[in-house]
Amino acid sequence: MTDSSELIFVSHAGPDSQWAEWVAWHLQEAGYEVELGLWHWRTGDDFVKKMNDAMARCSAVVALFSPAYFAPGRYTEEEWTAVVARRDRFLPLVVEPLQEGQLPAILAGRLSKELHGLDETDAHAALLEAVRGPAVPAGKPDFPGKPKGKSRAWKRKTPAGPQPRFPSGTSDPAVWDLRQRRRNPHFTGRDLVIEEVRRKLLAERQAAVQALNGTGGIGKTQVALEYAYRFAGQYDLVWWVDAEQGEQVPARYAELAARVGVAKPDAGVEVNARYAMEYLRTHDRWLIVLDNAEDPQQLRTWLPEGPGHVLITARNPDWRKVVPRLQLGVFSRAESLDYLTAQLPTLNPEHADALADALGDLPLALAQAAGVMSEGMPPEQYLRVLETHTAKLLDRGEVYDYPASLAATVTIATDRLDAEHPEATAVLRLAAFLGPERIPTAWLVAGRAELVTVGGDPDDFLWPQSALNPLARYGLAVVGPDAFQVHRLTQAVVRDKASGEAAGALQDDVAVLLTALDPGDPELPETWLGWTTLTQHLMATLHLMGDRAELRPVLLRAAVYLVRSAQPQVARDLASTLHETWTASLGDDHPDALHAAHMLTWALDGLWAHEEVLPLVEDVLERRRRVLGEDDPETLSSAHDLATTLGHLERFTEAHVMHEAVLARRMAVLGDDHPATLYSAYSLGVALSKVGRHDEGLRTLTDVLERRRRVLGNDHPDTLRAIQSIAFVQIALGRHDEAHRTLTDVLERHQRVLGNDHHDTVTSADFLARTLYHLGRHAEAERLQKSTRLRIRETLGADHPLYGIVTHGLVETLHAQGKTYEAQKLTRKRRR
């Protein structure tokens, strides 16, 4: 193909960004439309969606082969496999020699062009030949022997913007001083971050400035260093400035003035620094790195102007008021695993994942852990010691090019903070005893009057932001407009400094905060966002404060939230811990211990562990009858749950009889329209259908639906559950058209109220697919079953019984369409 109007997507690995720019620039110059993420994708874009869209639109893919291109875990694998699978036009260009075995077998037969080792003229010709294809020469070929005279210069039209330099190994900057910082041989990941930095710097015509902002130990300096080395060939001057001590910055610029030959021997440091700034203003292709630039007000006057690039690293987020800022977060889990396995090749995946999780994917902590374990400490021991002696362990482990251990970094910053902003240190210490998740600032405002450990001026109308902003400036927290977050390892180091009465007072204040919060009824979806945040912190503090009497009610409500929001595994973990803790301290028959056991039965029911539920619910019921009495609402709740469990175990007759008895008692004790009474009536309607009395069951459920609409509202989960069960009975009665209308409506309501992944939503989707099957609409049923099956696998796992139920239905639907081979494949997978 020679049509230069075609769209070409340039697929490359992050370390080969210079090659990608060079290739894209020359393709664009030749008249091709080019898509290069480095140039065309913006901050906030969905990277995977952008990649997929580009792959769908392009008519050819130029792939830059190198060892990095085929490194495990890179998105480049998805790019080249998608092109090969679709048999699209795929043009491999080798920019760095591949080692034996690196090239996948499926690509081994593909013709490729070698660009590495060529000069720019030959590489340009090879690039265009790869895209356009070989051409038969119009005239006599040149004599292949030794040429005489000089070759004709290669001419081209220069497109808008600076031309990227050819990425050979001979174009290093003429002026290069990174303060003896060598390239980190263990640098891992961050390709998207570095490409984002490059993209933003290239977007500006004059004095492009970009700040890398993040907490301590996040790897800001390492990213800046890697950027400088990766794109060194695109600059004539690269100069590193240690900017933590702002008064030392002019001296560094004065050194630069001497290096480029504009310094005056008799002039002072300040004057020569200004000469350096003037030099930068009148020259291009330079990079200045201001590392650890923590005082924007002091340093803003030392931001060079001119057609070059400035890269700033800082903990202080106030740079956002001066220049564009890029927030650097912790490693992705994939980056953490790549780093650990590269440093510790014998580390198994389970240990690597456990370490990454325990260390919160913090680059400095991962580097220290790798250092300690490389000296002989097994990963199991490291994880154990990390739980019991976190701060001491975080002070060990030699780390390449980090100035201090994580523990020392946190301690130094905390000491400085305490000297200048004691009110901020007080908030940090309180946060250290909460969870590592986001902490709403509204919590501090609501609880301030009751908090003993948090002082400060009570008339400070800017509080708590006046206390939180210093935490951000010292890199001890990420602070947003309505919440702040402290990394779990920073918390551990700070907690280690608190002991005795101080620790006790802080735990008292944490209890005050957590008990004062009330997101609302945990049965209602509109409260779940608030419960999500609160539950995360409740569970994080469970080991310290799970036995406090004042926390028991909110912990039990959190368990209800977890069950109702379809998080049965987490609910089981919480309820099991509460039951064990409270049984040990309060006794088996204490109402709170029994309530915890009751919540455990709910969680196990959500996991479909009905055989496990039965003896536990029987025990709770017997104890509640003895302790609370036959007609106590909690006793009746356990009796209802026992009847439900019997139904799940297909003991339908026993379940029906028991539901009738519980309904009669609840009507007498609570009244006809109490939500618990309506739940018994609903369960009785389901039980009637299970014993074959479908018409009676339908009448009962229809009555329950009307009363739930009146008492609870149209979109309450219990109301929707009644509609869903009515549809189930309609299916049993063969009234598939009615069931289809009912299920179409309730599925839309479930998706809107509960979300696509909730258990009730996927159950409605399964019922609707069954109805479509019975109506002969097999293609629609197949599509819905496949999407539902995928959703169940992603949320509940392939071992969940519901996954097997939907798979069985899909097999039937495939057989009905004559898709026997696909059905048999699914059946074989289920049997394994």
Side-chain angles (χ1 to χ4, degrees), residues 215-216 330 357-360 362 386-387 390-391 394 410 413-414 417-418 423-456 463-465 467-472 474-499 502-519 529-548 550-555 557-558 561-562 570 573-574 577-578:
T215 55
V330 298
D357 190 60
L359 296 168
L362 188 66
L386 188 65
E387 286 187 3
T390 310
L394 295 177
V410 172
T414 305
L417 180 74
D418 201 26
E423 72 284 0
T425 313
V427 172
L428 176 64
R429 288 175 181 140
L430 181 66
F433 283 84
L434 286 163
E437 291 76 20
R438 296 171 72 253
I439 303 169
T441 51
W443 289 12
L444 297 176
V445 175
R448 187 181 187 190
E450 304 297 324
L451 299 177
V452 174
T453 61
V454 177
W463 197 90
Q465 288 304 133
L468 293 176
N469 288 337
L471 293 182
Y474 283 84
L476 293 165
V478 176
V479 177
D482 57 0
F484 69 105
Q485 188 170 15
V486 183
H487 193 276
R488 67 183 65 205
L489 300 182
T490 300
Q491 289 179 309
V493 175
V494 174
R495 273 199 311 270
D496 188 64
K497 302 295 182 182
S499 59
L506 287 164
Q507 290 180 39
D508 289 342
D509 274 359
V510 167
V512 166
L513 274 184
L514 297 178
T515 54
L517 303 168
D518 184 10
L529 185 60
W531 275 108
T532 297
T533 303
L534 178 55
T535 301
Q536 288 171 337
H537 289 280
L538 285 168
M539 296 191 68
T541 59
L542 203 56
H543 65 292
L544 289 174
M545 297 185 292
D547 205 21
R548 283 178 173 258
E550 66 269 35
L551 282 176
R552 288 182 209 143
V554 70
L555 285 165
R557 296 182 79 209
Y561 148 71
L562 290 170
V570 185
D573 294 343
L574 175 59
T577 300
L578 296 180

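Since this is a predicted model, take the numbers as computed values, not measurements. Side chains included, hydrogens not; waters and symmetry mates left out as well; all remaining heavy atoms used. Positions are given from 1, in the same order as the sequence printed here.
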**Report entry** Gap between atom CG of N469 and atom CZ of F484 - 0.5 Å precision
**Finding:** 11.5 Å

Requested in this report: Any chance you could lay out the side chain to side chain contact (heavy atoms under 4.5 Å, CB included) test for R552 and L578, step after step, and finish with the verdict?
Outcome: CA-CA 9 Å; R552 288 182 209 143; L578 296 180; over 6 Å; no

Requested in this report: Verify, without hydrogens or angle tests, whether T390 (side chain) and L386 (backbone) share a donor-acceptor contact under 3.5 angstrom.
Outcome: yes

Query raised in the report: Roughly how far apart are L434 CG and I439 CD1, rounded to 0.5 Å?
Result: 4.5 Å

Query - A424 versus L471, closest heavy-atom pair with distance - result: O-CD2, 3.6 Å

Requested in this report: Report, as yes or no, whether the 6.0 Å neighbourhood of atom CD on E387 holds more than 12 heavy atoms from other residues, nucleotides or ligands.
Outcome: no

Requested in this report: Could you tell me whether the side chain of H487 and the main chain of G360 form a donor-acceptor pair under 3.5 Å?
Outcome: yes

Requested in this report: Determine yes or no for a side-chain-to-main-chain donor-acceptor pair under 3.5 angstrom, with R488 supplying the side chain and P436 the backbone.
Outcome: no

Query raised in the report: So, for D482 and R438, which heavy atoms are closest and what is the spacing to 0.1 Å?
Result: OD1-NH2, 3.2 Å

Report task. Determine whether Y474 and L428 make a side-chain contact, defined as any pair of heavy atoms from C-beta on separated by less than 4.5 Å. Result -> no

Query - Validation row: V445, P464 side chains within 4.5 angstrom (heavy atoms) - result: yes

Report task. Show the numbers, then the answer: is there a side chain to side chain contact (heavy atoms under 4.5 Å, CB included) between L574 and M539? Result -> CA-CA 7 Å; L574 175 59; M539 296 191 68; 4.0 Å; yes

**Report entry** Straight-line distance of D496 CG to Q491 CD, nearest 0.5 Å
**Finding:** 13.5 Å

Report task. List the atom of F433, the atom of L544, and the distance in Å for their closest heavy-atom pair. Result -> CD2-CD1, 4.0 Å

Query - From T425 atom OG1 to L417 atom CG, the distance as rounded to the nearest 0.5 Å - result: 3.5 Å

Query raised in the report: Are any of the side-chain heavy atoms of L444 and L430 separated by less than 4.5 Å?
Result: yes

Query raised in the report: Heavy atoms, side chains only, cut-off 4.5 Å: are L542 and L555 in contact?
Result: yes

Requested in this report: Kindly indicate, with the supporting measurements, whether the criterion side chain to side chain contact (heavy atoms under 4.5 Å, CB included) is fulfilled by V486 and L476.
Outcome: CA-CA 7 Å; V486 183; L476 293 165; 6.0 Å; no

Query raised in the report: Looking at A467 and P470, what are the two nearest heavy atoms and their distance?
Result: O-CD, 3.4 Å

Query - Shortest non-hydrogen contact between V554 and W531, atoms and distance - result: O-CZ3, 3.9 Å

Query raised in the report: Less than 4.5 Å apart, any side-chain heavy atom of Q465 and any of T441?
Result: yes

Requested in this report: Drop me the distance from T215's OG1 to Q485's CD, to the nearest 0.5 angstrom.
Outcome: 9.5 Å

Distance-only donor-acceptor pairs under 3.5 Å for side chains of residues 504-517, two or more places apart:
from, atom 1, to, atom 2, distance (Å)
D508, OD1, R548, NH1, 3.1
D508, OD1, R548, NH2, 2.7
D509, OD1, V452, N, 3.0
D509, OD2, V452, N, 2.9
D509, OD2, T453, N, 2.7
D509, OD2, T453, OG1, 2.6
T515, OG1, A511, O, 2.8
T515, OG1, V512, O, 3.3

Query raised in the report: Do you see a donor-acceptor pair shorter than 3.5 Å between the side chains of Y561 and T532?
Result: yes

**Report entry** Shortest non-hydrogen separation from L538 to A558 and the atoms involved
**Finding:** CD1-CB, 3.9 Å

Query raised in the report: For E550, does the CD atom sit with more than 12 other heavy atoms under 6.0 Å from it, leaving out its own atoms?
Result: yes

Query raised in the report: For the atom pair OG1 (T541) and CD (Q536), what is the distance rounded to the nearest 0.5 Å?
Result: 12.0 Å

